[in-house]
Amino acid sequence: MYAQVIVDVPARPTDRPFDYEVPLELEACVEVGSRVEVPFGPRVLQGFVVGVSAEAPAGIDRSKLRTVRRVLDMTPPLTPELVELARWMSGKYLCPEIAALQVMVPGALKAKYDKVVVLREDVWRRREEAAQPELLPTDPVRAELADWLRARGEATAEALLERFPGSASLLKSMLAEGVLEERQRVQDRMSVKTALTVFPCGTEAELREAASALPARFQKQKDVLDALLAEGLRPQRLTELLHAVGVTSSVVKSLEAKGLVELRDVEVQRDPYAKRDFARTQPLPLTEEQSHVYEAVCGTLADGRHEVFLLQGVTGSGKTEVYLQSIQRCLELGKEAIVLVPEISLTPQMVQRFKGRFGDDVAVLHSRLSHGERYDEWRRIVRKEVRVVIGARSAIFAPFTKLGLIIIDEEHESSYKQEESPKYHARDVAIRRAEAAGAAVVLGSATPSLESVFATTREGGRKFRLLEMHTRALGRPLPPVQLVDMREELKNGNRSMFSGALHKAIEERLHKKEQIVLLLNRRGYATFVMCRSCGYVAGCPHCDIALTYHQNSRTLRCHYCGYAEREKSQCPDCQSEHIRHFGTGTQRVEEELVKLFPGIRVIRMDVDTTSEKGSHEKWLTMFGEKKADVLLGTQMVAKGLDFPDVTLVGVIAADTVLNLPDFRAGERTFQLLTQVAGRAGRHTLPGEVIVQTYTPEHYSIAAAAGHDYAAFLETELEHRRANGYPPYARLINITLSHEEVPRLMRISDALAQRLKEQALAARQSGEDGFTFDVLGPVAAPIARIKDRYRFRCMVKYRGDAVASRIVRRSVAAFEEQMAKEKLQISVDVDPQLLM
Ligand SMILES: Nc1ncnc2c1ncn2[C@@H]1O[C@H](COP(=O)(O)OP(=O)(O)OP(=O)(O)O)[C@@H](O)[C@H]1O
Ligand SMILES: [Zn+2]
Ligand SMILES: [Zn+2]
């Protein structure tokens with residue numbers, strides 16, 4: 001048998017399958033998707049099997065083929081379907097195939113390489129037999145060490161020295177002789193967690209008898225047996241048993257010596273939700289709008305067809321209940337389901353809703369899990385112990401084999417795009433995967449992305465089917481939104497960050513004991529340090545970006561390279577002392593709230609207060625228990641939260657995102673305002689929203705205030721069409737970086753030139769149905785990071801396959817330069833962030 005293997009070297013020259021022979025004894029465990037250890041040049045590497053065949057590959061000298069050394073897992077971590085998906089990702093996102101395969105398995109399975117020592121039996125025997133015995137080294141440990149190693153197969157040097165203390169020089173000389181050999185080995189970063197477990201040996205009657213036969217001085221041993229009997233002879237973890245009975249392990253060891261119990265290592269599942277009880281919930285009777293959507297999805301599920309639905313439902317319309325019941329149906333049909341939610345809204349509330357409905361049938365995958373927890377959740381999927389997975393972006397790679405339904409909640413979120421290689425978009429990967437599996441996809445949002453809405457229109461080719469829900473499930477209207485023009489406030493002498501209207505509204509809520517959500521959009525709102533006399537702004541010496549002020553440590557830090565310096569008391573340019581930090585961080589809002597409303601209880605949620613594991617959850621639980629009046633935060637308070645007593649939502653400044661150099665700025669602003677407004681008045685109490693802004697006339701802000709998606713869409717599409725931006729075209733960002741500007745400029749020009757030539761060549765060779773425009777090169781919006789200058793070419797294209805090929809070929813021409821002179825070229829297909 002032969003295997004085609006993609007090896008763990010993420011570089012272009014090795015980005016293809018290599019052929020290996022599979023030894024007979026491994027044939028049973030090698031399949032497409034297996035992880036193997038193979039020799040590669042002088043090294044040993046991890047690789048993934050992407051093809052197997054009974055015949056030797058044509059045109060290959062069999063005697064030259066090297067063999068697979070080891071299969072790393074009994075069950076392949078990937079399915080053939082995922083291997084195929086990785087190939088597609090590599091083509092679409094222009095990343096090495098190994099990068100796509102690696103992103104599909106948990107971090108714990110990423111290879112770590114270490115060295116082991118093995119005994120060369122042939123050399124050993126030759127020496128023992130041929131040599132004159134008097135010339136052989138006489139160390140008595142020698143033979144012992146060889147025996148031990150022979151029995152174990154292999155051992156690390158540390159293990160050897162631990163077993164044979166003081167034998168370092170022996171080890172060295174045996175290696176020099178060639179009797180021992182050092183080999184590289186692939187090791188998993190994470191092993192399964194095990195715990196010593198006590199297994200009672202014998203029937204209940206036998207153990208009772210044994211217990212009573214024990215002499216009185218063995219009372220402790222009796223206690224242990226009694227404890228085991230009391231638990232119905234259930235195997236128990238050693239530590240727990242010792243703790244419960246109050247004895248030491250020697251007592252259990254004595255029982256083991258008597259053959260009454262046995263101690264064995266048993267795998268322990270790290271279940272992050274183990275200690276939690278989730279109250280089981282029943283399906284709610286659906287509203288008319290909900291059942292309309294549900295029926296449509298079920299129809300497709302029943303047919304086992306692939307179809308993409310765009311579910312546009314206003315905030316609070318009950319999309320989650322529709323997801324839950326659709327999944328229920330999917331499971332009844334014997335299939336599996338994946339639910340993607342943005343990391344930020346993977347809150348306990350969301351997890352609770354899914355665990356509550358499906359109990360242990362759900363695995364949860366998110367980045368706050370430890371490596372080990374994540375690995376264990378993932379293996380529950382491999383072992384088919386769960387049929388539903390809920391998680392952030394990478395959960396799309398859950399190794400299911402009978403996928404029936406993929407749900408993507410808040411489908412417009414830019415966090416579905418991975419910003420490092422492979423730079424994939426989970427929405428597009430989901431659709432591709434569902435297509436191959438014959439599964440349905442539901443994209444849900446109150447504010448769908450323009451790309452998705454466009455795909456439901458005639459002009460967009462009606463690729464998705466639009467389903468709408470216009471009313472809230474609990475019958476409340478959407479809350480009225482009041483826009484407050486902050487320029488007017490300033491004119492009227494109000495210099496506070498709260499307008500008169502917001503101030504009054506907060507006061508009212510405090511009086512009525514209702515709750516408040518305050519949003520401070522921090523993007524573009526970082527606190528920077530500026531001199532009031534000369535306008536000097538403290539910037540990073542290595543990156544073209546302002547330093548951010550951190551109050552806790554009184555330092556200025558660069559968010560790109562980590563550079564830090566002390567707070568300044570004097571302007572380095574003009575020596576003035578009027579240098580101070582500007583901008584409104586959440587901390588400052590909190591301070592002001594406390595000053596204006598004595599006794600107010602504020603929960604602040606931002607990167608600073610949620611970095612600890614579980615803190616997110618702690619704050620939200622506290623807020624849910626009404627232990628605070630205000631939930632103040634960044635984007636993370638805007639989404640998915642469902643608290644009945646929130647009746648006021650305030651936005652401190654709506655325009656902070658609008659001025660970013662990104663064509664999606666208007667879209668992002670509309671989405672954020674609509675989402676956060678949606679947190680108010682979701683249950684029985686009526687809600688109210690106050691949005692403070694310096695540009696109330698901006699169409700994004702005006703449309704959000706009117707809950708008018710259609711108006712927003714019309715204006716925004718107009719802009720996009722006029723400028724040739726998505727959804728009318730797609731983009732590829734090619735960023736080049738180098739330490740020297742003139743060199744970088746020359747290379748960038750050459751790349752742009754080559755892109756144009758390749759496009760022309762494609763057209764001349766008869767390719768059509770595509771467009772391909774090259775913009776730039778220009779300096780990137782952040783023109784320097786870590787002392788490397790950055791230039792950018794932007795490609796606007798239509799026609800995926802051709803465009804990818806053109807870019808791939810053009811970039812390939814610069815490979816040598818990339819290797820030789822520290823040029824970096826990074827390609828981002830369908831970029832979400834343009835910085
Ligand atoms: N059929 C129903 N009957 C009764 N209550 C319902 C029903 N469907 C949903 N709800 C309730 O309505 C509230 C809002 O629902 P949900 O949170 O699912 O809305 P959503 O559409 O996901 O909103 P958002 O986009 O704002 O997150 C929840 O408290 C939910 O329990
Ligand atoms: Zn100055
Ligand atoms: Zn920097």
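Ligands are counted one by one from 1 in listed order, and the atoms in each one are counted from 1 as well.
- Applying the salt bridge (Lys or Arg N to Asp or Glu O under 4.0 Å) definition to pairs two or more places apart or across chains, those involving residues 303-324 are Asp303-Arg305, Arg305-Glu307, Glu307-Arg465, Glu321-Arg357.
- Of the listed options Val322, Leu641, Thr320, Thr320 places a heavy atom closest to atom 22 (O) of ligand 1.
- The 12-atom threshold is exceeded at CD of Glu697, counting heavy atoms of other residues, nucleotides or ligands nearer than 6.0 Å.
- Residue Arg679 has at least one N or O atom closer than 3.5 Å to an N or O atom of ligand 1.
- Aromatic ring centres of Phe309 and Phe464 lie farther apart than the 6.0 Å criterion allows.
- For ligand 1, the polar-atom distance check finds no N/O of Ala473 at less than 3.5 Å from any of the ligand's N/O atoms.
- A centroid separation of less than 6.0 Å is found between the aromatic rings of Phe597 and His503.
- Residue Gly316 holds the heavy atom nearest to atom 14 (C) of ligand 1 of all those in Gly316, Gly313, Ser317, Pro283.
- Heavy-atom proximity to atom 15 (O) of ligand 1, evaluated over Gly444, Pro285, Gly318, is greatest for Gly318.
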N/O donor to acceptor pairs below 3.5 angstrom from side-chain atoms of residues 335-342, sequence neighbours left out:
from, atom 1, to, atom 2, distance (Å)
Glu336, OE1, Thr401, N, 3.2
Glu336, OE1, Lys402, N, 2.7

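- Of all the listed residues (Leu284, Thr287, Thr281), Leu284 holds the heavy atom that lies closest to atom 6 (C) of ligand 1.
- Scanning Arg682, Glu288, Lys319 for the heavy atom closest to atom 21 (O) of ligand 1 points to Lys319.
- Summarising the contacts of atom 30 (C) of ligand 1 with Gln675, Arg353, His683, the nearest heavy atom is found in Arg353.
- Each of the following atoms of ligand 1 lies closer than 4.0 Å to a heavy atom of Thr315: 23 (O), 25 (O), 26 (O).
- Counting only distance, with no hydrogens or angles, the side chain of Gln515 and the backbone of Ala628 share a donor-acceptor pair below 3.5 Å.
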